[in-house]
Amino acid sequence: MGTREATIEATLRRRRTIEACAIAARSLGLLATLAFVAGLLPGSGPRHAPAMFVGCLIAIAVMTTANILAVIAFRHPARRSYHRLSAWQVLLDTTAVTAAAVLGELSGNGTVSPALAVPIVVSALRHQLRGALAVWLLTSLAYGCVTFRMHPSELLPLISMNLLIALITGAQSSAYARQLTTLEEVRGELEHRASHDDLTGLPNRARLADHAERHDDAALAVLVLDLNGFKKINDAWGHAAGDELLRRVAERLTSHLRAPDLAGRLGGDEFLVLMPGTDAADLDAITDRLRETIAAPITLECGTAEVGVSIGAAVRPAGERTSLATLTAAADAAMYEQKRLRKALL
């Protein structure tokens, strides 16, 4: 599994875990609220504290709606709507808990107010520091506006404690998200280095082999390219100029390939090109175009250079199982035969 696939899978697992925990927590809240409404808890029931009873009915409806959204998000964590569903859940949870705390104060039951920290922590988990602070502000304003005249001395400690909770949980969640992002970037860089040539940035043998496996049943043309005159430039102008020349050739090579084609560097001044879906009838035009492209003058920092290229080709028809190693060996032999004929003509 590649870095991108592993990252996506980890994100989906995290989202499902969040939704499963949310469903479980709300379900417990729903059971407790239903027990209160049914009169199964001390001081509960429809005849005691009517405002609290009505608030419980509203809370039941809100938590049920939030759980439905959580189930949808759990089943489809990869949808683009996931973040929107998550935000709605935070809003519904905040509404339910804040309403319960306010109604509890109005009915003389102040034990519900500590629950205001719950949506703050949940929002930090879902939306990091910004989400935690937004929920803290919303709960503080709603709860404070109603209860300020009733318990002014208790309001400031409660709001301050919730702010501290928002800062701690939100900062930790944001730091964790940044750490994951950094790890993903490092993993991506390491994976790229493991599958690409450091000098030219082209895929290496392992990456080329993987690409060939993905087109195992399709027709496949393999080209082996070796530069003519590279050693002369490398010896005369130095290795830095030779490295720059190889990078320019790599850029030209990749710019003249189709979307499914892949060019890589085998080592030295030798390159390999994989062309899925290409048959022998197309090779002459393709190799002529590549020769013309690479033979054009190349401007380097130390001057203008010109190199030629010898190209050997091998083709596997669709449906055959010829390995990449076999095709590469055949193309390599054809390339050296072309070099031999070229030297004979000079």
Side-chain angles (χ1 to χ4, degrees), residues 3-33 59-102 111-144 157-187:
T3 298
R4 178 177 174 79
E5 292 79 7
T7 300
I8 293 174
E9 184 60 30
T11 300
L12 297 183
R13 284 199 303 268
R14 181 175 183 271
R15 290 179 177 180
R16 288 194 181 97
T17 301
I18 291 174
E19 301 310 326
C21 292
I23 292 170
R26 285 196 206 99
S27 297
L28 291 175
L30 278 169
L31 290 175
T33 307
I60 290 172
V62 170
M63 285 189 288
T64 301
T65 303
N67 258 2
I68 293 173
L69 297 180
V71 170
I72 296 173
F74 178 85
R75 296 184 61 185
H76 306 285
R79 283 185 177 177
R80 293 182 179 179
S81 59
Y82 177 83
H83 292 290
R84 186 165 62 251
L85 291 174
S86 179
W88 273 109
Q89 289 182 68
V90 169
L91 180 60
L92 291 172
D93 290 338
T94 303
T95 301
V97 174
T98 304
V102 169
T111 60
V112 186
S113 57
L116 291 170
V118 174
I120 294 174
V121 174
V122 172
S123 185
L125 182 64
R126 289 180 178 275
H127 303 289
Q128 303 171 28
L129 183 58
R130 283 189 306 178
L133 290 176
V135 172
W136 167 79
L137 181 61
L138 183 60
T139 55
S140 298
L141 289 174
Y143 184 76
L158 177 65
I159 292 177
S160 301
M161 181 59 68
N162 285 347
L163 175 59
L164 183 62
I165 292 172
L167 291 173
I168 293 174
T169 57
Q172 287 181 337
S173 181
S174 296
Y176 177 70
R178 287 194 297 271
Q179 183 182 22
L180 284 181
T181 301
T182 301
L183 289 174
E184 290 165 9
E185 291 174 351
V186 171
R187 284 181 59 186

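For the single chain, residues carry numbers from 1 onward in sequence order. It should be emphasised that the depicted structure is a prediction, and the values quoted were computed from it without experimental measurement.
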Tell me if the CZ atom of R16 is crowded by more than 12 foreign heavy atoms within 6.0 Å. yes

Spacing of OH belonging to Y82 relative to CG belonging to L12, to within rounding of 0.5 Å: 9.5 Å

Any side-chain donor-acceptor pair under 3.5 Å between H83 and R15? yes

Nearest heavy-atom approach of S113 to Y143 is CB-OH, 3.3 Å

Rounded to the nearest 0.5 Å, what's the gap from CG on L85 to CD1 on I72? Could you check? 6.0 Å

For S123 versus A132, what's the shortest heavy-atom pair and its separation? OG-N, 3.6 Å

Working to the nearest 0.5 Å, report the span between CG of L138 and OG1 of T95. 7.0 Å

Here the gap from N162 atom CG to L167 atom CG, rounded to the nearest 0.5 Å, amounts to 11.0 Å

Heavy-atom nearest pair, A115 first then V97, reads O-CG1, 3.1 Å

Can you list the residues that meet the side chain to side chain donor-acceptor pair (under 3.5 Å) rule with R26, with sequence neighbours excluded? N67, Q89, D93

Whether T33 side chain and G29 backbone form a donor-acceptor pair below 3.5 Å: yes

Looking at L91, T94, V122, which one forms a side chain to side chain contact (heavy atoms under 4.5 Å, CB included) with V135? T94

So does V121 get a backbone contact from the side chain of T169, meaning a donor-acceptor N/O pair under 3.5 Å? no

First locate atom CG of L30, then atom OG1 of T64, and finally report the distance between them rounded to the nearest 0.5 Å. 4.5 Å

Can you sort out the partners of S140 under side chain to side chain donor-acceptor pair (under 3.5 Å), two or more places apart, ordered by chain and number? W136

Testing R75, R14, R126 one by one against E19 for a salt bridge (Lys or Arg N to Asp or Glu O under 4.0 Å), which residue passes? R126

Distance from I23 atom CD1 to I18 atom CD1, nearest 0.5 Å? 12.0 Å

Any side-chain heavy-atom pair of M161 and P157 under 4.5 Å: no

Side chain to side chain contact (heavy atoms under 4.5 Å, CB included) for I159 and T139? Distances and angles first, verdict last. CA-CA 9 Å; I159 292 177; T139 55; over 6 Å; no

